[in-house]
A.B. asks: 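Have a look at this one before I ask anything.
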Amino acid sequence: MTDLPDRFEPLDPAMQPVVPVAGYPNTVRRNPARAPFRRVLTRTELTGPLDLSGKLRPGDDNLAVLAPGRMAQGQLIHVGGRVLDEDGRPVAGAIVELWQANAGGRYFHPIDQRDAPLDPDFVGNGRTRSDGEGRYGFFTIKPGAYPVPDSGRWWRPPHIHISVLGPGSLMRLVTQMYFPGDPLNGIDRILNSVPDVAARARCIAASVLPSEIEGDWLGYRHDLVLRGRHATPPL
Amino acid sequence: MKAHANAPLVPTAWATIGPFFPQTFFREGDNDLTRMAPDAPQTARGTPMWLTGRVLQEGGGPCVNAVLEAWQADSEGRFRHPRDPEWRLADPGFYGWGRAWTDAAGRFAFRTIIPGGYAEAGRPRAPHINLAIIGSGIMGRLATTVFLPGFVAEHAADPVLSTLPEALRPLLIAVEDGAGPDGARRYHLDLLLRGDAAEETPFFED
Ligand SMILES: [Fe+3]
C-alpha cells in the first residue's frame with residue numbers, strides 16, 4: 001500500500017504511436033482532431049481500484065491447452081516477464097490480459113472472417129495477475145502473421161496483444177508484443193508508428209535460451225513498464 | 001527524494017486493441033460499478049443511476065467494439081485508495097470501476113450510483129465519472145470526464161471542467177433520460193471521437 005505512485009510524468013510523445021497509420025482508416029475516424037486538454041490530476045485521475053481480481057478474474061494463463069487432451073496447433077511457447085514501474089520496481093497484483101491469433105494467423109472472433117483455418121482447440125485469450133515480484137506468464141502458441149484487409153499488402157507480423165491494469169487509472173497499458181527476428185517487424189505500420197527506435201525495440205520480446213527454461217516450451221521474455229513513480233529528481 | 005537503485009525506465013509504448021478484442025473477456029456485471037463482484041449485492045448507499053450513451057466516429061456513425069472503462073468516487077465523494085485521506089470511510093460495498101463495450105449501434109451502459117463531489121487542494125470537484133475509451137484504431141486511450149446535470153455552481157468551480165472553453169463544457173454534461181430497466185434514473189451522453197470543433201468530445205491528456 002505504501003508503494004503506490006505519487007507522481008506521473010506525461011508520456012513522452014516520441015515513445016508513443018503517432019496517428020494516422022496508413023491503410024488503417026480507423027486511426028483517422030476515431031482519433032480526435034483537437035489536441036487533448038491538459039487537466040489537473042486530482043484523486044479520480046490518480047486513484048483506481050487496488051484489486052481488480054474480483055471483477056476481472058485471473059486464473060486463465062494457459063491458452064495452449066483448451067481442455068485436457070485438447071492442445072492447440074502450433075509452436076508451444078511461454079511468454080513471461082515482469083510488470084514494472086518507471087523506477088524498475090515490480091508492480092504486484094496487476095491484471096494482465098492477453099489475446100492473439102492462432103498459428104494460421106486467424107482470430108477466434110466473429111469479426112475475423114478471413115479465409116484461413118480456425119483451430120478448434122484454440123480460443124486465444126487469457127488473463128492472469130502479476131505476483132509479488134511483478135512476474136506474469138502465459139503458456140500459448142506462436143501466432144501466425146495475417147494480412148490487413150484493403151491496406152495495400154500490409155501484413156501484421158506475429159504479435160500478441162497485451163492489456164495491463166495496475167493499481168491506478170494512469171497505470172494502464174494496452175500494447176502489442178512482437179517476436180525477435182521477424183522480417184515483417186521492420187515494415188509493420190503499427191510497430192513503426194512509434195517514432196523512437198529504442199521504444200520500438202522494447203516492444204519486441206527477447207528469446208530465452210533453452211538452457212534457461214524448463215519444459216517443452218520455447219521461451220520469450222517481455223517486461224512491461226507502466227507509468228508511475230519516476231526517479232527523476234525534483235526541481 | 002531518495003535515490004533509487006534502478007535506472008528509470010520508459011513506459012512501454014501503447015498500441016491499439018485492434019478489431020479483435022475478445023468478447024469473452026466481458027462478463028455479466030462488468031459494467032456495474034455498484035457491486036464488489038459480479039455475484040455480490042449492489043451497494044445500499046447512494047442513489048442508483050445509469051450512464052448510457054453512444055460512441056460515435058467521424059461522420060457520426062457508430063464506433064463498434066469500443067471498450068469503455070469507468071472510475072468514480074462513492075456517494076460521499078470518497079475512493080477506497082490510500083491517496084484519499086478518508087479512504088477508510090469509503091463505502092465498502094461500492095466498487096467504483098467498471099468496463100462496458102459498445103454494440104453495433106455504438107451504445108454502452110454503466111450501472112452506478114450518483115458520485116459525490118470532493119474537495120482537493122482547496123478546490124471542489126463536481127460529481128463526475130471518468131471514462132477511458134480504447135478501440136480499434138485508437139492507438140492509446142481517450143480520457144474524458146462525464147458530469148451530471150443540475151450541479152450548476154459545482155460545474156463552474158470544477159477545475160477540470162473549467163479548463164475547457166465555455167462553449168465546449170455542455171459536451172461533457174449528460175442529460176437526464178428517463179429511467180433504466182430497474183427504475184433508476186438514467187443519464188445519457190454521446191461521445192463523438194472526431195468531428196467539427198463544436199461537436200467533438202473534449203478529451204484530456206493523461
Ligand atoms: Fe492483432
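In what follows, every chain begins at residue 1, and chains take the letters A, B, ... in the order their sequences are listed.
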A.B. asks: Under a 3.5 Å distance rule, please check whether A/Gln176 uses its side chain to pair with a backbone N or O of B/Thr16 as donor and acceptor.
C.D. replies: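 Pair found, side chain donor or acceptor close to backbone of B/Thr16.
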A.B. asks: Can you see which heavy atom on A/Gly48 is nearest to which on B/His81, and at what distance?
C.D. replies: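 Scanning both residues, the minimum pair turns out to be O-CD2, 3.2 Å.
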A.B. asks: Measuring from A/Phe37:CZ to B/Thr144:OG1, what's the distance to the nearest 0.5 Å?
C.D. replies: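 Between A/Phe37 CZ and B/Thr144 OG1, I get 10.0 Å after rounding to 0.5 Å.
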A.B. asks: For chain A, find which of B/Pro38, B/Cys63, B/Gly29 contributes the most heavy-atom pairs closer than 4.5 angstrom.
C.D. replies: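 Highest number of pairs under 4.5 Å: B/Cys63.
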A.B. asks: If you round to the nearest 0.5 Å, how far is CH2 of B/Trp14 from OG1 of A/Thr175?
C.D. replies: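 Answer for the OG1-CH2 pair, A/Thr175 versus B/Trp14, is 9.5 Å.
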A.B. asks: Are B/Phe20 and A/Trp99, when compared by the centres of their aromatic rings, separated by less than 6.0 Å?
C.D. replies: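 No: the rings miss the under 6.0 Å criterion.
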A.B. asks: Using only non-hydrogen atoms and a strict under-4.5 angstrom cutoff, which residues of residues 148-160 of chain B touch chain A?
C.D. replies: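 Listed by number: B/Pro159, B/Val160.
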A.B. asks: Is A/Leu84 in contact with chain B via its backbone, its side chain, both, or neither, using a 4.5 Å heavy-atom distance?
C.D. replies: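 Just its side chain gets close to chain B.
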A.B. asks: Does A/Glu45 come within less than 4.0 Å of B/Arg125, counting only side-chain N to carboxylate O?
C.D. replies: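 Result for this pair is yes, salt bridge flagged.
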A.B. asks: What do the steps show when you test A/Arg172 against B/Arg141 for side-chain contact (heavy atoms from CB on, under 4.5 Å), and what is the final call?
C.D. replies: CA-CA 9 Å; A/Arg172 182 77 176 95; B/Arg141 62 173 205 169; 4.0 Å; yes
A.B. asks: Need one label for A/Arg200: side chain, backbone, both or neither, based on atoms under 4.5 Å from any heavy atom in chain B.
C.D. replies: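 Looking at A/Arg200, nothing touches chain B.
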A.B. asks: What part of A/Asp60 gets within 4.5 angstrom of chain B, counting heavy atoms only: side chain, backbone, both, or neither?
C.D. replies: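 Neither part; nothing is under 4.5 Å.
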A.B. asks: Say whether B/Asp84 and A/Thr47, considering side chains only, have a donor N or O and an acceptor N or O under 3.5 Å apart.
C.D. replies: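 Looking only at side-chain atoms, A/Thr47 and B/Asp84 do not form any donor-acceptor pair under 3.5 Å.
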A.B. asks: Pick one of side chain, backbone, both or neither for B/Ile138, based on which atoms fall under 4.5 Å of a heavy atom in chain A.
C.D. replies: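 Both backbone and side chain.
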A.B. asks: Looking only at non-hydrogen atoms, find the nearest pair between A/Asp51 and B/Tyr95 and report the distance.
C.D. replies: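 Between these two residues, the closest heavy atoms are O-OH, 2.8 Å.
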A.B. asks: In terms of heavy-atom pairs under 4.5 Å with chain B, which of A/Met15, A/Glu97, A/Arg202 leads?
C.D. replies: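 Highest number of heavy-atom pairs under 4.5 Å: A/Glu97.
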A.B. asks: Taking B/Pro11's backbone N and O only, do any of them form a donor-acceptor pair with A/Glu86's side chain (distance below 3.5 Å, no angle check)?
C.D. replies: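 Answer holds: no.
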A.B. asks: Pick from B/Gly96, B/Pro202, B/Ala37: which one has the most heavy-atom pairs with chain A under 4.5 Å?
C.D. replies: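 The answer is B/Pro202.
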A.B. asks: Donor-acceptor pair, distance only, cut-off 3.5 Å: does the side chain of A/His161 make one with the backbone of B/Phe21?
C.D. replies: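 Side chain of A/His161 to backbone of B/Phe21, a donor-acceptor pair under 3.5 Å: no, none is there.
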A.B. asks: In terms of heavy-atom proximity below 4.5 Å to chain A, should B/Phe25 be classed as side chain, backbone, both, or neither?
C.D. replies: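 Both the backbone and the side chain of B/Phe25 come within 4.5 Å of chain A.
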A.B. asks: Please rank B/Asp30, B/Ile17, B/Thr24 by heavy-atom pairs under 4.5 Å with chain A and give me the top one.
C.D. replies: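 So the answer, after comparing B/Asp30, B/Ile17, B/Thr24, is B/Ile17.
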A.B. asks: Which one wins on heavy-atom pair count under 4.5 Å against chain B: A/Leu46, A/Leu226, A/Leu224?
C.D. replies: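 Max contact count across the listed options: A/Leu46.
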A.B. asks: What option among A/Leu170, A/Val194, A/Val19 has the most heavy-atom pairs under 4.5 Å with chain B?
C.D. replies: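 Option with the top pair count is A/Leu170.
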A.B. asks: With chain A, which of B/His128, B/Arg83, B/Met36, B/Arg123 has the greatest number of heavy-atom pairs at distances under 4.5 Å?
C.D. replies: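 The residue among B/His128, B/Arg83, B/Met36, B/Arg123 with the greatest pair count is B/Arg83.
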A.B. asks: Using a cut-off of under 4.5 Å for heavy-atom pairs, which of A/Cys203, A/Ser53, A/Gly126 has the most such pairs with chain B?
C.D. replies: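 Ranked by heavy-atom pairs under 4.5 Å with chain B, first place is A/Gly126.
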A.B. asks: Sub-3.5 Å donor-acceptor pair from the side chain of A/Arg30 to the main-chain atoms of B/Ser136, do we have one?
C.D. replies: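 A pair under 3.5 Å: yes.
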A.B. asks: Once rounded to the nearest 0.5 Å, what's the spacing between atom NE2 of A/His222 and atom OG1 of B/Thr12?
C.D. replies: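 So the gap between those two atoms works out to 6.0 Å.
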A.B. asks: Tell me the closest heavy-atom pair linking B/Leu9 and A/Asp85, and the distance in Å.
C.D. replies: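 Between these two residues, the closest heavy atoms are CD1-O, 3.8 Å.
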A.B. asks: Check whether any side-chain heavy atom of B/Arg194 sits under 4.5 Å from a side-chain heavy atom of A/Pro32, and report yes or no.
C.D. replies: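 Side-chain contact under 4.5 Å: no.
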A.B. asks: Rounded at 0.5 Å granularity, tell me how far CZ in A/Arg38 sits from CD in B/Glu205.
C.D. replies: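 Interatomic distance, A/Arg38 CZ to B/Glu205 CD, rounded to 0.5 Å: 4.0 Å.
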A.B. asks: Please classify the contact of A/Asp196 with chain B as side chain, backbone, both or neither, using a heavy-atom distance under 4.5 Å.
C.D. replies: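 Nothing of A/Asp196, per the 4.5 Å heavy-atom cut-off to chain B.
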A.B. asks: Would you verify whether the NZ or CZ of A/Arg34 falls within 45 degrees of the ring axis of B/Phe203 while also being under 6.0 Å from that six-membered ring's centre?
C.D. replies: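 The answer is no; the distance or angle limit is not met.
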A.B. asks: Could you tell me whether the side chain of B/Gln23 and the main chain of A/His109 form a donor-acceptor pair under 3.5 Å?
C.D. replies: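 Between the backbone of A/His109 and the side chain of B/Gln23 there is no qualifying donor-acceptor contact (under 3.5 Å).
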A.B. asks: Find the distance between CG (B/Leu142) and CG (A/Asn31) and round it off to the nearest 0.5 Å.
C.D. replies: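 Taking CG in B/Leu142 and CG in A/Asn31, the distance rounds to 6.0 Å.
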A.B. asks: Tell me whether the count of non-hydrogen atoms from other residues, nucleotides or ligands lying under 6.0 Å of OH in A/Tyr24 goes above 12.
C.D. replies: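 Yes, because the 6.0 Å sphere around OH of A/Tyr24 holds more than 12 heavy atoms from other groups.
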A.B. asks: B/Ala143 and A/Arg39: which non-hydrogen atoms are nearest, and at how many Å?
C.D. replies: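 Minimum heavy-atom contact is CB-NH2, 3.9 Å.
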A.B. asks: Checking B/Ala119 against chain A: side chain, backbone, both or neither under 4.5 Å from a heavy atom?
C.D. replies: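 Contact with chain A involves the backbone of B/Ala119 alone.
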A.B. asks: Below 4.5 Å, heavy-atom pairs only: which of A/Val18, A/Leu52, A/Leu41, A/Val40 has the largest tally toward chain B?
C.D. replies: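 If we count pairs closer than 4.5 Å to chain B, A/Leu52 comes out on top.
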A.B. asks: Of all of B/Arg35, B/Arg99, B/Arg80, which one pairs up most often with chain A through heavy atoms under 4.5 Å apart?
C.D. replies: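 It is B/Arg99.
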A.B. asks: Look at A/Val164, A/Leu173, A/Ile190, A/Leu56 and state which one has the largest set of heavy-atom pairs under 4.5 Å with chain B.
C.D. replies: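 Option with the top pair count is A/Leu173.
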A.B. asks: For B/Leu161, which atoms come within 4.5 Å of any heavy atom of chain A: side chain, backbone, both, or neither?
C.D. replies: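 Neither part.
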A.B. asks: Apply side-chain hydrogen bond (donor to acceptor under 3.5 Å, both in side chains) to residues A/Ser169 and B/Trp97 and explain how you reach the verdict.
C.D. replies: CA-CA 10 Å; A/Ser169 301; B/Trp97 185 90; over 6 Å; no
A.B. asks: Identify whether the distance between the nearest side-chain nitrogen and carboxylate oxygen of B/Asp39 and A/Lys55 falls below 4.0 Å.
C.D. replies: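 A salt bridge is absent here (no side-chain N lies under 4.0 Å from a carboxylate O).
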A.B. asks: Side chain, backbone, both or neither: which part of A/Pro110 has a non-hydrogen atom closer than 4.5 Å to chain B?
C.D. replies: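 A/Pro110 touches chain B through side-chain heavy atoms alone.
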A.B. asks: Hey, could you give me the CD1/CG distance between A/Ile111 and B/Asn65, rounded to the nearest 0.5 Å?
C.D. replies: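 The CD1 atom of A/Ile111 sits 4.0 Å away from the CG atom of B/Asn65.
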